[in-house]
2 protein chains.
Amino acid sequence: MLGQMQNHPLLISSLIEHAERHHGDGEIVSRRVEGDIHRTNWVTVAKRARQIANALDAEKLAPNERVATLAWNGYRHLELYFGVSGSQRVLHTLNPRLHPQQLAWIINHAEDSVVCFDTTFTPLIAAVHSKCPTVKRWVALCDADKLPADSGIPNLVSYEAWLGAQSSTYSWPVFDENTASSLCYTSGTTGNPKGVLYSHRSSLLHAYAVVFPDSLNLSARDAILPVVPMFHVNAWGLPYAAAVAGCKLVFPGPAMDGKSIYELIEGEQVSMAAGVPTVWQMLLGHMQAGGLKFSSLKGTVIGGSACPPAMLTTFQDTYGVEVLHAWGMTEMSPLGTVCTLKNKQLALDEAGRLKVRLKQGRAVCGVDMKIVDGAGKELPWDGRTYGDLLVRGPWIIDQYFKAEGASPLVDGWFPTGDVATIDADGFMQITDRSKDVIKSGGEWISSIDVENVAMAHPAVAMAACVGMPHPKWDERPIVVVALKPGAELSREELLAFYEGKIAKWQTPDDVVFVPAIPLGATGKMMKVSLREQLKGYTLPGV
Amino acid sequence: MLGQMQNHPLLISSLIEHAERHHGDGEIVSRRVEGDIHRTNWVTVAKRARQIANALDAEKLAPNERVATLAWNGYRHLELYFGVSGSQRVLHTLNPRLHPQQLAWIINHAEDSVVCFDTTFTPLIAAVHSKCPTVKRWVALCDADKLPADSGIPNLVSYEAWLGAQSSTYSWPVFDENTASSLCYTSGTTGNPKGVLYSHRSSLLHAYAVVFPDSLNLSARDAILPVVPMFHVNAWGLPYAAAVAGCKLVFPGPAMDGKSIYELIEGEQVSMAAGVPTVWQMLLGHMQAGGLKFSSLKGTVIGGSACPPAMLTTFQDTYGVEVLHAWGMTEMSPLGTVCTLKNKQLALDEAGRLKVRLKQGRAVCGVDMKIVDGAGKELPWDGRTYGDLLVRGPWIIDQYFKAEGASPLVDGWFPTGDVATIDADGFMQITDRSKDVIKSGGEWISSIDVENVAMAHPAVAMAACVGMPHPKWDERPIVVVALKPGAELSREELLAFYEGKIAKWQTPDDVVFVPAIPLGATGKMMKVSLREQLKGYTLPGV
């Protein structure tokens with residue numbers, strides 16, 4: 001027997017309609033590629049999203065055809081989020097940090113019909129367009145008079161001319177909420193990239209979960225700054241969540257340096273910002289150098305990589321900004337856990353609270369998680385036992401795009417590739433990536449623990465720990481370090497800095513200084529590249 | 001093309017599993033029928049919910065069979081919420097304030113198979129059981145040794161013996177999320193009561209919306225006190241929302257007097273309480289008499305009836321408690337709007353903010369609303385134009401239980417029976433119930449406006465405004481007043497109190513003093529009964 005409530009599918013179009021109707025004058029502020037600040041609102045975004053839908057109809061795009069974006073965070077990208085998915089096409093966000101060859105591979109694999117790109121990327125598109133036979137329309141995200149001249153890109157039109165020709169009257173279609181809404185490829189450190197195909201249902205349920213008080217806690221009083229890119233996992237779902245809650249949105253465009261981000265936060269009175277540690281490192285560097293303070297920022301959400309303890313305490317103690325440690329993956333839409341404390345943790349002393357805050361946090365309602373041993377047996381939640389972390393839930397991947405039946409799942413659970421502990425209160429802590437763990441003499445050493453100690457040293461800008469082959473112990477850790485500009489530090493000084501902070505047998509055997517740690521397309525440290533750079537290296541005394 | 005995310009139906013069982021796993025030691029505190037305070041937690045509630053599922057299996061109840069409750073707010077009722085719906089039976093909450101004849105009618109209409117009742121209601125069950133042929137099992141919510149003796153109720157068992165005999169091992173079934181989960185009859189002022197049949201999907205989506213920061217803003221740090229009864233619209237969805245957020249739950253049992261509620265709030269450090277104005281009137285009366293203060297309460301949610309301005313300002317100014325005005329209906333699960341302010345309203349002066357706070361508020365994301373004129377034409381959102389309020393959304397009724405195709409909807413929208421304005425920022429304000437509006441000389445007078453002035457008088461405990469036939473004006477308002485114990489007030493003094501507070505032509509023509517205003521089963525004023533009491537009354541000079 002079915003309930004007798006109304007049947008309204010969970011569609012992305014319903015979010016833009018809600019935002020337009022209930023938060024019409026809510027601001028969307030963007031720093032553009034040109035460097036200027038652009039202001040619009042939800043009414044205008046909704047109107048232009050309908051024009052996009054009409055433009056896609058004019059291109060004769062069938063439902064489910066892919067419309068790709070190669071763009072920074074900005075209002076035009078936001079309009080495409082709603083216009084493309086709302087009209088039952090699939091928004092495919094391309095990562096501009098990829099190699100042109102990989103980009104072409106992804107466009108072909110996704111069979112994109114239209115590609116919309118920021119003019120920053122005109123050279124990239126000029127380099128790949130001839131290898132992309134499925135693309136019938138290239139759209140440059142600019143005014144008609146800014147259209148790149150002599151680019152050689154065929155069927156090229158400016159975004160403003162393309163949508164400007166269209167009516168803003170459009171009725172969003174109603175269809176099955178399980179329909180594909182958007183596509184994002186994982187930047188895959190090995191093998192070809194793999195596409196994660198989100199649905200309208202998964203996107204809306206995820207957006208609700210993002211809004212929760214124990215997640216990002218978003219209300220109509222918030223101004224949020226997604227520094228985390230819209231080209232990667234839908235900027236953690238923030239464009240959708242902002243429409244749910246009626247937030248003001250502030251977009252940084254391509255300028256993610258500390259000065260630009262700081263000016264946006266202050267100028268637009270941002271209350272909540274979301275990004276990866278490397279971006280915050282730059283922001284804190286700028287603020288420390290200039291003796292600056294925040295006047296509106298209440299919280300930052302830090303994810304993508306584990307947050308170094310030094311960064312967390314600096315944000316909290318020096319700037320009074322609450323740091324929410326979060327964890328997720330492209331395959332998880334991405335939100336899995338957020339580290340919001342319960343009353344009993346709030347009652348701990350400062351050191352006790354910090355210990356909890358450094359964990360990745362509690363599962364958001366909707367996400368189920370467990371840790372298992374090598375045989376798949378579930379392990380206890382005691383905060384000490386570690387095992388492979390598995391997850392499941394309505395916004396977690398079932399299978400990759402075009403995987404043709406091959407499933408990454410294990411008994412219905414998605415293996416995250418992370419090794420973690422979970423404590424009795426449900427706080428999960430990533431010990432390491434399964435592939436980054438250093439196996440030394442039958443024991444595991446967390447590369448993250450080793451990195452965190454180095455990162456806490458005032459001279460260190462970034463640190464990466466990798467395992468090196470050792471005849472007796474199988475592997476021993478070394479730490480690869482990039483120093484802050486002008487800072488000096490010797491191998492011996494850094495190794496001495498480990499004393500008392502980590503067990504002797506976990507302390508790295510060596511320090512290697514490099515000008516910079518290689519970062520991947522999403523700002524994460526690329527240990528695969530690092531290991532390649534270290535080819536020929538041998539441990540001291542080996 | 002469908003997205004490729006995991007298929008997990010939204011089931012009520014997933015909520016109790018989440019609460020057990022992530023908030024196992026979270027407390028559930030109940031004042032029992034016996035008067036004592038009982039303490040349990042989510043682990044134990046989950047365990048006993050599984051025992052209930054096994055007990056229902058032992059009774060050979062098929063999926064979809066109805067299990068009724070006639071019970072106060074308490075842990076056993078909570079266990080039934082999850083055990084009954086989780087095992088794919090339908091939880092039918094009966095309203096103990098109904099007349100026995102109406103109660104029997106509802107049990108028969110719903111075809112309840114099992115009825116679980118608090119022992120307070122043993123006389124009521126003794127009076128109706130013989131008229132309820134579908135009921136094969138009566139369960140008294142008590143220990144085995146407290147089972148009512150010589151009640152004459154057949155197939156009677158104590159709850160503790162009934163579930164105590166069962167294993168706590170049980171795998172929750174997985175089924176279509178649109179399956180019926182629970183049933184609640186509207187107390188219908190005219191005609192037979194009508195059943196609203198909620199689904200698992202509607203209950204979960206509604207619970208998510210309740211948790212939102214701009215709704216009730218519930219986190220794992222909250223202790224919530226649902227004074228609003230679990231026998232009516234699932235206590236506004238709070239039992240489910242508490243499981244989503246991992247809140248502490250505090251249940252008042254049958255003791256809803258000011259003293260008992262105050263003691264619970266203080267003793268259990270309640271942060272958020274939810275109830276109808278009449279309950280808060282009693283609480284404030286108790287506090288004023290004793291010169292008491294709150295030490296933990298941050299907010300109250302007031303719904304069910306419009307909140308009198310005097311109550312709102314007393315809560316805010318005297319006790320520092322934020323009042324959230326909310327609005328909904330049984331047919332809406334019930335949440336429709338909550339009055340949380342945006343930054344621009346917060347920037348108003350005190351009087352300006354109060355004016356907004358007195359509105360019923362903004363639509364929760366998921367609820368769509370509009371106002372229409374008599375011809376069904378949509379009216380502007382200008383804060384002045386009023387019209388019939390219509391709503392739609394995934395937790396709003398499609399049709400009543402056993403309505404056999406007859407739909408209450410108008411073009412897919414549910415007519416609420418309320419008359420309202422909506423302002424440009426989406427704040428809705430109920431002007432009146434369509435049927436309570438007083439039509440005087442072609443103009444409408446809001447009965448609520450007239451009542452609010454009287455309620456602001458210190459001598460008035462409760463006031464109801466009704467229209468009386470008038471030869472010239474069609475109708476004229478009178479106000480029916482119950483005074484506070486020991487208070488004195490004359491007709492002329494009260495009429496003089498209206499001066500300057502309301503337009504002359506909206507001022508009531510007469511005052512009628514009564515010992516008490518008749519209240520319905522859910523604590524709302526029963527104007528139908530009041531009009532019956534006033535039979536034979538004529539307006540002065542008519």
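Reminder, nothing fancy here: chain letters follow the sequence lines and each chain counts from 1.
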What part of A/Phe401 is in contact with chain B, defined as an atom under 4.5 angstrom from a non-hydrogen atom: side chain, backbone, both or neither? both
Would you mind telling me which of B/Leu204, B/Val196, B/Leu341 has the largest number of heavy-atom pairs within less than 4.5 Å of chain A? B/Leu341
Is A/Val210 in contact with chain B via its backbone, its side chain, both, or neither, using a 4.5 Å heavy-atom distance? neither
Working note: B/Gln6 + A/Phe414, criterion side chain to side chain contact (heavy atoms under 4.5 Å, CB included); need CA distance, chi angles, decisive distance, verdict. CA-CA 10 Å; B/Gln6 293 177 20; A/Phe414 175 72; 4.2 Å; yes
NE2 (A/His22) and CG (B/Asp214) are apart, to the nearest 0.5 Å, by 12.5 Å
Working note: A/Trp381 + B/Arg21, criterion side chain to side chain contact (heavy atoms under 4.5 Å, CB included); need CA distance, chi angles, decisive distance, verdict. CA-CA 10 Å; A/Trp381 290 22; B/Arg21 206 162 159 91; 3.5 Å; yes
Would you call A/Glu177 and B/Arg201 a salt bridge, taking side-chain N to carboxylate O under 4.0 Å as the test? yes
Using heavy-atom distances under 4.5 Å, tell me whether A/His23 contacts chain B through its side chain, its backbone, both, or neither. both
So for A/Arg362, is it side chain, backbone, both, or neither that comes closer than 4.5 Å to the heavy atoms of chain B? side chain
Hey, mind stepping through B/Phe212 and A/Leu218 against side chain to side chain contact (heavy atoms under 4.5 Å, CB included) and telling me if it holds? CA-CA 8 Å; B/Phe212 286 169; A/Leu218 301 179; over 6 Å; no
Toward chain A, the part of B/His18 with a non-hydrogen atom under 4.5 Å: side chain
List the steps and the verdict of side chain to side chain contact (heavy atoms under 4.5 Å, CB included) for A/Leu197 and B/Met5. CA-CA 7 Å; A/Leu197 190 64; B/Met5 307 308 278; over 6 Å; no
Neighbour count >12 (heavy atoms, 6.0 Å) for atom CG, A/Asp382: yes
Pick one of side chain, backbone, both or neither for A/Leu409, based on which atoms fall under 4.5 Å of a heavy atom in chain B. side chain
If you tally heavy-atom pairs under 4.5 Å between each of B/Gln399, B/Glu17, B/Gln88 and chain A, the highest tally belongs to B/Gln399
Less than 6.0 angstrom separating the ring centers of A/Trp395 and B/His8, yes or no? no
Side chain, backbone, both or neither: which part of A/Lys402 has a non-hydrogen atom closer than 4.5 Å to chain B? backbone
Calculate, to the nearest 0.5 Å, the distance between atoms CE and CD belonging to B/Met1 and A/Glu65 respectively. 10.0 Å
Taking every heavy-atom pair that is under 4.5 Å apart, which of B/Thr340, B/Ile396, B/Asp368, B/Asn217 has the most such pairs with chain A? B/Ile396
So what's closer than 4.5 Å to chain A heavy atoms on B/Phe175: side chain, backbone, both or neither? neither
What residue in B/Pro9, B/Ser202, B/Gly426 has the most heavy-atom pairs under 4.5 Å with chain A? B/Ser202
Rounded distance [0.5 Å steps], CG in A/Asp398 versus CG in B/Asn7: 8.0 Å
Go through the atoms of A/Ala245 and report whether side chain, backbone, both or neither lie under 4.5 Å from a heavy atom of chain B. backbone
Are the charged groups of B/Lys342 and A/Glu27 less than 4.0 angstrom apart, N to O? no
Of the listed A/Asn64, A/Asn343, A/Leu2, the one with the largest count of heavy-atom pairs under 4.5 Å with chain B is A/Leu2
Rounded distance (nearest 0.5 Å) linking atom CG of A/Leu205 with atom OH of B/Tyr208: 6.0 Å
Non-hydrogen atoms of chain B under 4.5 Å away: do they reach the side chain of A/Lys344, the backbone, both or neither? side chain
Minimum heavy-atom distance B/Gly3-A/Ser199, with the two atoms named: CA-CB, 4.0 Å
Option in B/Asp176, B/Leu15, B/Leu346, B/Asp25 with maximal non-hydrogen atom pairs under 4.5 Å from chain A: B/Asp25
Sort A/Val90 into side chain, backbone, both or neither according to what part of it lies under 4.5 angstrom from a heavy atom of chain B. side chain
